[in-house]
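Heavy-atom basis, side chains included; hydrogens, waters and symmetry copies ignored.
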Amino acid sequence: MTTATTPKPKPAPRNGIDTPTLLTTIEAVGAQPELAKFQFRATNTWQSGTHSRTRIQSFSGAGAEQMHVKEFVHDADHPKVLVGRDQAPTPVEFLLHALAGCLTAGIGNIAAARGVTLHEVESRIEGDIDLRGILGLSDEVRNGYEQLRVSFTIKGDAPPAVLEKIVDQSRKRSAVYDVLTKGVPVTVSVNAG
């Protein structure tokens with residue numbers, strides 16, 4: 001006697017995520033790990049004072065050179081109290097944005113893959129920094145953040161415990177959280193002339 005197996009239904013897109021494509025991508029990378037190797041790039045140009053401009057357009061990944069649908073341009077500056085002209089967020093504020101954005105993207109993907117519809121996701125992120133390090137006033141004070149705090153408000157069609165697990169899984173899989181909490185080697189080269 002042969003029993004027919006019912007094919008597993010494909011999940012529907014959810015939370016603005018193309019869930020079938022997400023799951024197909026995970027399967028493809030599992031079968032061909034070389035597709036997982038990506039290199040992201042940014043080019044930054046000094047404008048004046050503490051103001052600089054970063055351009056992001058190309059990257060490599062999935063076995064080929066890739067292009068964003070458009071070039072993204074982001075300015076950075078310091079506030080007037082830190083001798084800037086306050087034309088854009090500070091670089092350390094962009095770091096907060098990067099962490100919040102990465103965690104939130106993960107929440108959207110993970111919830112979609114688990115069949116959870118989200119109604120609201122909002123985070124508040126704060127970072128404490130002592131500028132004596134940056135200003136060269138103390139070798140005992142680090143240059144960067146001393147502590148970061150992220151708090152989420154999340155609502156969806158799942159119980160609170162499930163929503164909390166989704167946030168925790170996003171934290172565990174976040175590339176930005178990983179870089180911030182585990183560090184990464186950084187090489188700086190100079191072409192002076």
**Asked** Is there a path from F38 to L35 through hydrophobic residues (I, L, V, M, F, W, Y) whose side chains come within less than 4.5 Å of each other?
**Response** no

**Any side-chain heavy-atom pair of I110 and V116 under 4.5 Å** = no

**Request:** Measure from the side-chain N and O atoms of D18 to the backbone N and O of P13, and report whether any donor-acceptor pair falls under 3.5 Å.
**Result:** no

**Prompt:** What's the spacing between N109 CG and I26 CD1 if we round to 0.5 Å?
**Reply:** 7.5 Å

**Prompt:** Within a radius of less than 6.0 Å around CD of E34, do more than 12 heavy atoms belonging to other residues, nucleotides or ligands occur?
**Reply:** yes

**Message:** Apply side chain to side chain contact (heavy atoms under 4.5 Å, CB included) to residues V121 and N15 and explain how you reach the verdict.
**Reply:** CA-CA 11 Å; V121 179; N15 305 323; over 6 Å; no

**Request:** Establish whether V179 and V92 are linked, either directly or via other cluster members, by ILVMFWY side-chain heavy-atom contacts under 4.5 Å.
**Result:** no

**Spacing of CD belonging to E27 relative to CG belonging to L22, to within rounding of 0.5 Å** = 10.0 Å

**Fill in**
In short, R132 meets V141 closest at the heavy-atom pair NH2-CG2, 3.5 Å

**Item:** Nearest atoms (heavy-atom pairs only) where A175 meets C102
**Value:** N-SG, 3.6 Å

**Request:** Give the intermediate values and the outcome of side chain to side chain donor-acceptor pair (under 3.5 Å) for residues D157 and H119.
**Result:** CA-CA 8 Å; D157 67 358; H119 303 301; 5.6 Å; no

**Request:** Looking only at non-hydrogen atoms, find the nearest pair between S52 and N44 and report the distance.
**Result:** OG-ND2, 3.2 Å

**Message:** Would you compute the distance between atom CG of D86 and atom NZ of K80 and round it to the nearest 0.5 angstrom?
**Reply:** 7.0 Å

**Request:** Show your working on side chain to side chain donor-acceptor pair (under 3.5 Å) between R41 and Q39 and close with a plain yes or no.
**Result:** CA-CA 7 Å; R41 306 177 191 110; Q39 180 188 75; 3.0 Å; yes

**Complete:** What one should report as the nearest heavy-atom pair of G108 and I17 is O-CG1, 3.6 Å

**Message:** Between Y145 and L95, is there a side-chain heavy-atom distance shorter than 4.5 Å?
**Reply:** yes

**Matching residue for L148 among L99, T181, D128 - test: side-chain contact (heavy atoms from CB on, under 4.5 Å)** = L99

**N/O donor-acceptor pair under 3.5 Å between Q87 side chain and D77 backbone** = no

**Item:** Atom pair CD (E126) and CG (L96), whose distance is rounded to the nearest 0.5 Å
**Value:** 9.0 Å

**Request:** Looking only at non-hydrogen atoms, find the nearest pair between T54 and I56 and report the distance.
**Result:** CG2-CG1, 4.1 Å

**Request:** Taking the side chain as every heavy atom from C-beta outward, state whether I107 and I154 have any atom pair closer than 4.5 Å.
**Result:** yes

**Item:** Same cluster (ILVMFWY, side-chain, under 4.5 Å), M67 and F40
**Value:** no

**Request:** Could you tell me the separation between the CD atom of E120 and the CD atom of E122, rounded to the nearest 0.5 Å?
**Result:** 6.0 Å

**Asked** Does any non-hydrogen side-chain atom of L103 lie less than 4.5 Å from one of I125?
**Response** no

**Asked** L180, I134: one ILVMFWY side-chain cluster at the under-4.5 Å cut-off?
**Response** yes

**Request:** Look at the aromatic rings of F59 and H68 and report parallel, tilted or perpendicular, splitting at 30° and 60°.
**Result:** tilted

**Asked** Under a 4.0 Å N-O cut-off, is there an ion pair linking E71 with R53?
**Response** no

**Item:** For A113 against L23, the heavy-atom pair lying closest together
**Value:** CB-CD2, 4.2 Å

**Asked** Which class fits the ring pair F72 and H74: parallel under 30°, tilted 30 to 60°, perpendicular over 60°?
**Response** parallel

**Request:** Could you walk me through whether S151 and R124 pass side chain to side chain donor-acceptor pair (under 3.5 Å), step by step?
**Result:** CA-CA 5 Å; S151 61; R124 178 168 175 82; over 6 Å; no

**Prompt:** Are V184 and V188 connected, step by step, through hydrophobic side chains (Ile, Leu, Val, Met, Phe, Trp, Tyr) whose heavy atoms are closer than 4.5 Å?
**Reply:** yes

**Request:** Decide yes or no for F152 and E164: does some side-chain heavy atom of the first lie under 4.5 Å from some side-chain heavy atom of the second?
**Result:** no

**Message:** Run I166 and R114 through side chain to side chain contact (heavy atoms under 4.5 Å, CB included) and show every step you take.
**Reply:** CA-CA 9 Å; I166 289 170; R114 293 184 182 179; 3.9 Å; yes

**Asked** Does the pair K165/D168 count as a salt bridge with the N-to-O cut at 4.0 Å?
**Response** no

